[in-house]
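A short worksheet on the structure shown next.
Owing to the predicted nature of the structure, the values given are computational and were not obtained by experimental measurement. Throughout, protein chains are lettered first and strands after them, A, B, ... in sequence-line order, and every chain is numbered starting at 1.
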Protein chains: 2
Amino acid sequence: MESQERFAQFLNSRGLRSSAPRSQVARIFLRTERHVSTGELYDLVRKKHKEIGYATVSRTLKLLEEAGLCRQVDFGDGTLRYEHAYKHAHHDHLVCTKCGAFVEIYSGKLEKLQDKMVEKYGYMQETHKLNIFGVCPKCQKKK
Amino acid sequence: MESQERFAQFLNSRGLRSSAPRSQVARIFLRTERHVSTGELYDLVRKKHKEIGYATVSRTLKLLEEAGLCRQVDFGDGTLRYEHAYKHAHHDHLVCTKCGAFVEIYSGKLEKLQDKMVEKYGYMQETHKLNIFGVCPKCQKKK
DNA sequence: GTGATATTGATAATTATTATCAGTACTGGT
DNA sequence: ACCAGTACTGATAATAATTATCAATATCAC
Ligand SMILES: [Mn+2]
Ligand SMILES: [Mn+2]
Ligand SMILES: [Zn+2]
Ligand SMILES: [Zn+2]
């Protein structure tokens, strides 16, 4: 597993250890494609490793983020989620306000338009977050 | 003051009262053009009205929101802010990650592109939130 | 005025995140 | 193998923002 390898390398380069808990948390995160909150990942981890604490899960997610293996996603519902960042290009999200289902969206045109706005005001762009909220097809039918 | 009037009307239509605390909080919010958090507004209110509690400020902001006089803004820094919505058309924000300064941005093209994305996936759009983060001109110079 | 209802502000509860810290595990040098 | 110095861990506490609770007060319709 390549990303696992990458994490080990990152830890090493920082003088940090590839401890068992870290590797186990990382493995489980990297194996799910879900956008998980810390709590959700903690629950997943607990199924296999009952001894691992919440703090370690939280800390490992931060390390994975610094290693460029995951990034935060904020749907504005009060809890942060994490998604894969390795070999997962930037994209934004279209989220259903009824059931939480979402799709990942991307448009080069849209990104370029944003760049122009940033330029116009003399800012130096770092990141951006676009969330579009609406009702998904399924939930429209349910109504 | 027109918006103040509108608030009174809204309260009336809901069978709610235009109590003194509500009106005072509303007036102070409507008079500042800042994007305030509940805590910041609470502090502003306190300067004039030492008897008003945090809960009332919070609740009044929610009412103002329902009345269409303000809307939430989330810069992703852990605290929600509120901005005027009455006679303030939709727009997004370009935020400085160093000093917090921001500019309000809008592009019809960008909005239309978003609509197309939503259509493409069969969603029914409700809202969207776009925050672009970068370093403002001033902070670039400081470096 | 009176009784029903809405409102208020202090306080507590909630929620997610982050910090603290004592005990444990690991490391590199000997 | 031993040891001294660090890093790491998990339980717990602290933080911070928001939301709920509730007894006291204010307001309204009659
Ligand atoms: Mn995603
Ligand atoms: Mn604004
Ligand atoms: Zn849905
Ligand atoms: Zn700045």
Q: Check every strand shown and say whether B:G78 touches a base, only sugar-phosphate, or nothing at a heavy-atom separation below 4.0 Å.
A: sugar-phosphate

Q) In terms of side-chain heavy atoms of A:R17, which of C:dG9, D:dT6, D:dT9 is nearest? A) D:dT6

Q) Under 4.0 Å between a side-chain N or O of B:S19 and OP1 or OP2 of C:dT7? A) no

**Q.** For DNA chain D, the residues among residues 58-76 of chain B that have a non-hydrogen atom under 4.0 Å from it
**A.** B:R59, B:K62

Q | d(CG, A:L16; P, C:dC26) in whole Å | A | 15 Å

Q: Go through the side-chain N and O atoms of B:Y106 and B:E111 and say whether any donor and acceptor fall under 3.5 Å apart.
A: no

Q) Under the side-chain hydrogen bond (donor to acceptor under 3.5 Å, both in side chains) criterion, do A:H128 and A:H90 qualify, and how do the steps go? A) CA-CA 10 Å; A:H128 72 260; A:H90 161 78; 3.0 Å; yes

(Q) Could you tell me if B:H88 and B:E104 have a donor-acceptor pair between their side chains, going purely by distance under 3.5 Å? (A) no

Q: Figure out the CG/C1' separation between A:D77 and D:dA17, and round it to whole Å.
A: 15 Å

(Q) Can a side-chain donor-acceptor contact be found between B:Y86 and B:E2 if the only test is distance below 3.5 angstrom? (A) yes

Q | N or O in side chain of B:Y54 less than 4.0 angstrom from D:dT18 OP1/OP2 | A | yes

Q. Nearest-Å distance, CG (A:L80) to C1' (C:dT15)?
A. 12 Å

Q: Can you tell me the distance, in whole Å, between the CD atom of B:E51 and the C1' atom of D:dA24?
A: 16 Å

Q) Would you say the side chains of B:E83 and B:H91 form a donor-acceptor pair under 3.5 Å? A) yes

Q.
Looking at A:R22, I'd like to know whether one of its side-chain N or O atoms comes within less than 4.0 Å of OP1 or OP2 on D:dT9.
A. yes

**Q.** B:Y42 OH to C:dT11 C1', straight-line distance once rounded to whole Å
**A.** 12 Å

Q: Indicate whether the side chain of B:Y82 and that of B:E65 have a donor and an acceptor atom separated by less than 3.5 Å.
A: no

Q) Whole Å only: how far is the CG atom of A:L11 from the P atom of C:dC26? A) 15 Å

**Q.** Rounded distance in Å - CZ (A:R14) to C1' (D:dT6)
**A.** 17 Å

Q) In terms of side-chain heavy atoms, does B:Q4 have a donor or acceptor partner in B:S23 at a distance below 3.5 Å? A) no

Q) Rounded to the Å, how far apart are A:H49 NE2 and D:dC8 P? A) 19 Å

Q: Name the residue closer to the 5' end of DNA chain C, choosing between B:V57 and A:S37 according to the nucleotide with the nearest heavy atom.
A: B:V57

